[in-house]
Each structure stands twice: as structure tokens, then as C-alpha cells.
Amino acid sequence: MPRVETVRIEGLAELDRALRELPQRVANRGLRASVYAGAKVIRDEARSRAPKAAQSLGPKQPPPGTLKRAVIMKHIRELSSGGRQTFYVLVRRGKKYRNQGKRGNLSQDAWYWRFLEFGTRKMSARPFLRPALESRRREAVNAIKERLALRIEMEAQVLNRR
């Protein structure tokens, strides 16, 4: 079963006060954009770490690069409200084809990702999601802080103009 990792940023009392002074809609947008920036760092690292087959594995197997294309991030509205925004970095499964322009239709179904991440009885694990989180955790937090500071400043300037 996949685990959910939570990153908690502490010691940002000034930021909390600034967010409370801004209108709720503006605060939510800024926070969502900031968490998006942090999730993007993790997603990009997971994509770079995802294994890719060197050649086609056969006619009924996914083409090389399917796993890299299937690593996505998703905003979870049900878990996001107020001062909380939730994004998942996950592997898409079940989506068969996507138009890729000149490259034609490529499969997006990376149903086998959990075998690589966690291993099986006959295959040792080759994790790529967990190490991506561990290696880029600090960069993700820094991206969140930078984007949030930028958005607060931008929204404060807009409010000052009114």
C-alpha cells in the first residue's frame, strides 16, 4: 500500500499573520500556487528517477518511457481548505492512450509502478518515488517559501493600488 508523506513547515508565524490579513480568496490562491511549486520539484525528481526500458518489451507491453510520463501531481480539493492545500505526486494508472503529437498515441497506463517501487517476491524493489521525496524535500520547502513570499508581495501591491 502506498504511503502518504506529509511535509510540515514550522516557524512561519509571520507568514500566517500576513495570510490572515489578505482576503481569503487571495490567500488560498497564493498558498495553492506555493504548494504547487513544491510538488513540482518532487514530481520532476520522481520523473528523472523513474526507470525507463532501453527498448520495447513487446507488442502487449507499455512502450519505453510510460512510467516517466505517468508520474503526475494532482491537487486534492477535498483535502484543501482554509490554510491547507494538498497536492499528491502519484503515478497515473488506467489511462490507456494520450495523443503525443508527432509521436502518435502513447500509453499512459503505468499499472506496474508499485512492483518497481516496492518489489515483489521475485524482484527486489527499485524505488523512485520515496527517494525523490527524500532527496528534494528541502528544495521543495524552499520553493514553497519563495513562491509564497512572491505571491504575498504581489497581492499586497494589488491591494495597495485599490
Side-chain angles (χ1 to χ4, degrees), residues 1-54 62 64-95 98 106 108-120 123-160:
M1 186 73 171
R3 291 186 344 210
V4 173
E5 293 283 338
T6 302
V7 177
R8 185 175 198 79
I9 304 171
E10 296 181 8
L12 300 176
E14 305 84 28
L15 178 62
D16 187 44
R17 276 194 300 270
L19 282 174
R20 288 182 188 186
E21 291 175 10
L22 292 174
Q24 188 64 35
R25 182 179 57 84
V26 173
N28 281 341
R29 283 185 183 175
L31 188 59
R32 183 172 50 240
S34 303
V35 176
Y36 174 91
K40 186 175 181 224
V41 170
I42 303 298
R43 182 204 62 196
D44 293 345
E45 180 66 16
R47 281 184 178 170
S48 70
R49 288 175 178 259
K52 180 180 176 182
T66 299
L67 184 58
K68 286 182 182 292
R69 286 188 304 275
V71 175
I72 62 168
M73 63 184 184
K74 184 175 182 179
H75 180 239
I76 309 300
R77 292 178 190 232
E78 296 82 26
L79 299 177
S80 302
S81 64
R84 178 186 191 139
Q85 293 294 322
T86 303
F87 279 83
Y88 284 167
V89 175
L90 54 102
V91 178
R92 177 188 288 136
R93 61 188 193 284
K95 186 166 181 159
R98 179 174 171 213
L106 294 176
Q108 294 290 302
D109 188 12
W111 54 270
Y112 53 89
W113 75 271
R114 65 177 53 94
F115 303 139
L116 292 168
E117 183 73 18
F118 301 109
T120 65
M123 180 181 93
S124 62
R126 294 175 53 198
F128 60 96
L129 285 175
R130 291 174 290 167
L133 175 66
E134 293 302 321
S135 69
R136 297 291 183 188
R137 186 181 299 234
R138 291 191 194 279
E139 289 90 348
V141 171
N142 289 336
I144 292 170
K145 287 179 187 177
E146 290 170 11
R147 178 67 62 91
L148 196 52
L150 189 78
R151 289 295 297 234
I152 288 173
E153 186 176 312
M154 187 172 73
E155 296 297 341
Q157 288 176 356
V158 169
L159 288 174
N160 286 337

Measure across Val91 and Ala110 and return the closest heavy-atom pair with its distance rounded to 0.1 Å. CG1-CB, 3.7 Å
How would you list, by chain and number, every residue that makes a salt bridge (charged side-chain N to carboxylate O under 4.0 Å, His left out) with Glu139, sequence neighbours excluded? Arg136
Which residues share a side-chain hydrogen bond (donor to acceptor under 3.5 Å, both in side chains) with Arg49, sequence neighbours left out: Glu45, Ser135
Rounded to the nearest 0.5 Å, how far does CZ of Arg126 lie from CD of Glu117? 11.5 Å
Regarding Ser80 and Arg77, is there a side-chain donor-to-acceptor distance under 3.5 Å anywhere? no
Thr86/Glu78 under side chain to side chain contact (heavy atoms under 4.5 Å, CB included): CA gap, chis, key distance, verdict: CA-CA 9 Å; Thr86 303; Glu78 296 82 26; over 6 Å; no
Does any N or O in the side chain of Arg92 come within less than 3.5 Å of the main-chain N or O of Ile72, such that one atom is a donor and the other an acceptor? no
Please answer whether the main-chain N or O of Tyr88 pairs with a side-chain N or O of Lys74 as donor and acceptor at a distance below 3.5 Å. no
Do you know which two heavy atoms are closest between Pro51 and Phe128, and how far apart they sit? CD-CD2, 4.0 Å
If I compare all heavy atoms of Ile144 with all of Gly38, which pair ends up nearest, and what's the gap? CG1-CA, 3.7 Å
CD/Glu146 to OG/Ser34 distance, rounded to the nearest 0.5 angstrom? 10.5 Å
Distance, nearest 0.5 Å, that separates CG of Leu31 from CD of Gln85: 5.0 Å
Counting C-beta onward and ignoring hydrogens, is there a side-chain heavy-atom pair between Thr66 and Tyr112 closer than 4.5 Å? yes
For residues Ala143 and Val41, report the shortest heavy-atom separation together with the two atoms involved. CB-CG2, 4.0 Å
State which residues pass side-chain contact (heavy atoms from CB on, under 4.5 Å) with Tyr36; sequence neighbours excluded, sorted by chain then number. Lys40, Met73, Phe87
